[in-house]
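Report on the following structure.
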Amino acid sequence: MNVQKEQVIIIGSGAAGLTAAIYAARANLNPLVIEGIQPGGQLTITTDVENYPGYADVVQGPWMMEQMRLQAIKVGARIISDIVTKVNFKKDIKKITLDSKKVFESKTIIITTGAQAKWLGLESENQFNGKGVSACATCDGFFYRNKQVAVIGGGNTAVEEALYLSNICSKVTLVHRRDELRSEKILQERLFARDNIEVIWNSVVSEIKGDENGVNALELNSTNSTAQKLIKLDGVFIAIGHVPSTKPFKNAIDMDDEGYIIAKKPGTCFTNIEGVFAAGDCVDKIYRQAVTAAGMGCMAALDAEKWLQH
């Protein structure tokens with residue numbers, strides 16, 4: 001079997017992966033980036049980006065990631081379109097197998113595979129994604145200043161999103177399928193104290209309605225009767241959790257119960273495996289921002305460079 005040998009392999013091509021590639025290339029490490037199932041990461045399905053430093057005007061997510069990709073290539077990174085299906089981190093030289101059956105060996109691996117937001121699975125949700133439907137209040141909340149929005153969910157994420165949006169929007173409606181929230185009690189107390197937050201219990205979203213301008217209403221079904229309700233609003237935030245894209249690394253590296261990779265030392269990108277580093281949303285379950293992912297990508301490349309030197 002023909003095995004290609006590398007010094008640094010970066011798995012994933014979102015903000016973390018491409019930033020790691022830029023730093024690794026500038027350090028003459030000749031990194032290889034494996035793009036994965038979603039080249040460019042989550043920002044490629046984001047339309048307006050207004051909170052990434054360096055752009056005075058709103059930019060489009062796909063354009064921004066294409067620029068980042070071109071920058072990585074320009075400074076010397078190599079990028080291939082493939083998917084990692086199997087890894088072996090048991091030896092000093094790490095081995096990865098791709099969907100194309102190609103096999104690579106590398107001294108260092110940087111994992112930047114990100115995380116995917118969980119969605120409701122509605123056709124209308126997909127139709128209005130980026131046009132009134134979002135999974136990130138801190139990313140998109142600003143676009144709904146003084147408008148009415150809904151948050152779907154009942155855990156910590158949903159309550160935190162609702163609280164954040166209540167400082168921006170005129171009204172926030174939290175829709176939960178049960179009759180009590182799953183979030184921490186202190187968050188619930190803050191939620192119930194906000195005058196502009198309304199909670200609709202025992203309800204699920206049956207359809208997100210809108211027109212060419214975007215979302216304008218939410219249709220709800222009761223979970224304990226045949227009752228239906230229509231809410232007029234401007235935006236919907238889905239907050240039912242995230243799933244880290246770490247399946248190929250199961251049993252090969254330390255993860256928590258949710259599948260997020262655990263940093264061996266807080267504030268670094270080291271994992272429990274020597275020579276394997278992780279950055280971005282596959283590690284970070286708190287911030288989940290492009291700018292923090294990029295920062296972690298930089299850290300991972302610097303950590304890998306120093307590790308290789310020693």
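- The distance from the CD atom of Glu305 to the OG1 atom of Thr108 is 10.5 Å, given to the nearest 0.5 Å.
- Ser81 and Glu35 get closest at one heavy-atom pair: OG-OE1, 2.6 Å.
- Using a 4.5 Å heavy-atom threshold, the side chains of Cys169 and Asn196 count as separate.
- Not a single donor-acceptor pair under 3.5 Å links the side chain of Ser222 to the backbone N or O of Ser203.
- Asp140 places no side-chain N or O within 3.5 Å of a backbone atom of Ser134 that could act as its donor or acceptor partner.
- The hydrophobic cluster containing Val8 does not contain Ile96, counting ILVMFWY residues as joined when their side-chain heavy atoms lie under 4.5 angstrom apart, directly or transitively.
- In this structure, CG on Asn51 lies 7.5 Å from SG on Cys136, to the nearest 0.5 angstrom.
- Residues Val33 and Ser13 approach most closely at CG1-CB, 4.2 Å, considering heavy atoms.
- Once rounded to the nearest 0.5 Å, the distance linking NZ of Lys247 with CE of Met255 reads 11.5 Å.
- A single hydrophobic cluster is seen to contain both Ile22 and Leu308, as judged by linkage of ILVMFWY side chains at heavy-atom distances under 4.5 Å, directly or through other members.
- Contact between Ala279 and Ala300 at its shortest, heavy atoms only, is CB-CB, 3.9 Å.
- At least one test fails for Lys264 against the ring of Phe270: distance under 6.0 Å to the centre or angle within 45° of the axis.
- At most 12 heavy atoms of other shown residues, nucleotides or ligands fall within 6.0 angstrom of atom CG in Asp92.
- Between the CZ atom in Phe104 and the CG atom in Asn2 there is a gap of 9.5 Å [rounded to 0.5 Å].
- Annotation: side chain of Asn272 is not in contact with side chain of Ile262 (no heavy-atom distance under 4.5 Å).
- Contact annotation: the side chain of Gln71 never approaches that of Lys74 to less than 4.5 Å [non-hydrogen atoms, C-beta and beyond].
- Between the side chain of Arg194 and the main chain of Leu163, a donor-acceptor pair closer than 3.5 Å is present.
- Contact record, Leu174 with Ala162: CD1-CB, 4.5 Å, taken as the closest heavy-atom pair.
- Using modelled atom types, one finds a donor on one side chain and an acceptor on the other under 3.5 Å when comparing Gln289 with Thr138.
- Under a cut-off of 6.0 angstrom, the local environment of OH in Tyr287 is sparse, with at most 12 non-hydrogen atoms contributed by other residues, nucleotides or ligands.
- Rounding to the nearest 0.5 angstrom, the gap separating the NZ atom in Lys118 from the CD1 atom in Ile238 is 13.5 Å.
- When side chains are defined from C-beta on, Leu218 does not count as touching Thr173, because their heavy atoms never get closer than 4.5 Å.
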Query - Candidate pair Val236 and Phe128, rule side chain to side chain contact (heavy atoms under 4.5 Å, CB included), full reasoning - result: CA-CA 10 Å; Val236 180; Phe128 291 108; over 6 Å; no
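- Residues passing the salt bridge (Lys or Arg N to Asp or Glu O under 4.0 Å) test with Glu6, sequence neighbours excluded: Arg78.
- Residues Trp201 and Leu120 are members of separate hydrophobic clusters, defined by side-chain heavy-atom contacts under 4.5 angstrom among Ile, Leu, Val, Met, Phe, Trp and Tyr.
- Counting all heavy atoms, side chain and backbone alike, Gln148 lies closest to Ser170 at CG-OG, 3.6 Å.
- Contact record, Gln7 with Asn28: NE2-O, 4.4 Å, taken as the closest heavy-atom pair.
- By the neighbour-count criterion of 12 heavy atoms within 6.0 Å, atom CD of Gln309 is densely surrounded, having more than that number from other residues, nucleotides or ligands.
- A distance-only check finds a donor-acceptor pair linking the side chain of Asn202 to the backbone of Asp179 [under 3.5 Å].
- Side-chain atoms of Tyr52 and Val59, non-hydrogen and from C-beta on, never get closer than 4.5 Å to each other.
- Counting only distance, with no hydrogens or angles, the side chain of Glu105 and the backbone of Ile93 share no donor-acceptor pair below 3.5 Å.
- Between the side chain of Thr271 and the main chain of Val276, a donor-acceptor pair closer than 3.5 Å is present.
- With hydrophobic clusters built from ILVMFWY side chains whose heavy atoms lie under 4.5 angstrom apart, Ile197 shares a cluster with Leu181.
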Report task. Evaluate side chain to side chain contact (heavy atoms under 4.5 Å, CB included) for Gln67 paired with Met64, printing each intermediate quantity in order. Result -> CA-CA 5 Å; Gln67 292 298 302; Met64 196 174 96; 5.8 Å; no
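- Thr112 places no side-chain N or O within donor-acceptor distance of the main-chain N or O of Gly280, the cut-off being under 3.5 Å.
- Side chains of Phe277 and Met299 form no contact here, defined as non-hydrogen atoms less than 4.5 Å apart.
- Of the inter-residue distances, the one linking Asp82 atom CG with Lys102 atom NZ reads 6.5 Å to the nearest 0.5 angstrom.
- In this structure, the salt bridge (Lys or Arg N to Asp or Glu O under 4.0 Å) partners of Glu258, at least two apart in sequence or on a different chain, are Lys285.
- Counting heavy atoms from C-beta outward, Gln116 and Gln38 have side chains that approach closer than 4.5 Å.
- Taking the six-membered ring for Trp and thresholds of 30 and 60 degrees, Phe89 and Phe249 have nearly parallel ring planes, at less than 30 degrees apart.
- Looking only at distances, a side-chain donor or acceptor of Glu125 sits under 3.5 Å from a matching main-chain atom of Gly121.
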Query raised in the report: What's the verdict on side chain to side chain contact (heavy atoms under 4.5 Å, CB included) for Phe192 and Val199, showing C-alpha distance, side-chain angles and the deciding distance?
Result: CA-CA 9 Å; Phe192 298 138; Val199 181; 4.1 Å; yes
Requested in this report: Take Val149 and Leu233, measure what side chain to side chain contact (heavy atoms under 4.5 Å, CB included) needs, and give me the verdict at the end.
Outcome: CA-CA 5 Å; Val149 300; Leu233 43 66; 5.8 Å; no
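- Remark: of the listed residues Ile11, Ile83, Ile34, Thr85, Ile34 is the sole one forming a side chain to side chain contact (heavy atoms under 4.5 Å, CB included) with Leu98.
- The same ILVMFWY cluster, assembled from side-chain heavy atoms under 4.5 Å apart, contains both Met68 and Ile79.
- Using a distance-only test at 3.5 Å, with no hydrogens or angles considered, no donor-acceptor pair links the side chain of Thr44 to the main chain of Pro62.
- Every residue meeting the side-chain contact (heavy atoms from CB on, under 4.5 Å) condition with Lys209, not counting sequence neighbours, appears here in chain and number order: Glu207, Asn216, Ala217, Glu219, Leu230.
- Looking at Asp234, its side chain never comes within 3.5 Å of a backbone N or O of Tyr144 through a donor-acceptor pair.
- Within 6.0 Å of the CG atom in Asn167, the count of heavy atoms belonging to other residues, nucleotides or ligands exceeds 12.
- Counting heavy atoms from C-beta on, the side chains of Phe237 and Val172 never come closer than 4.5 Å.
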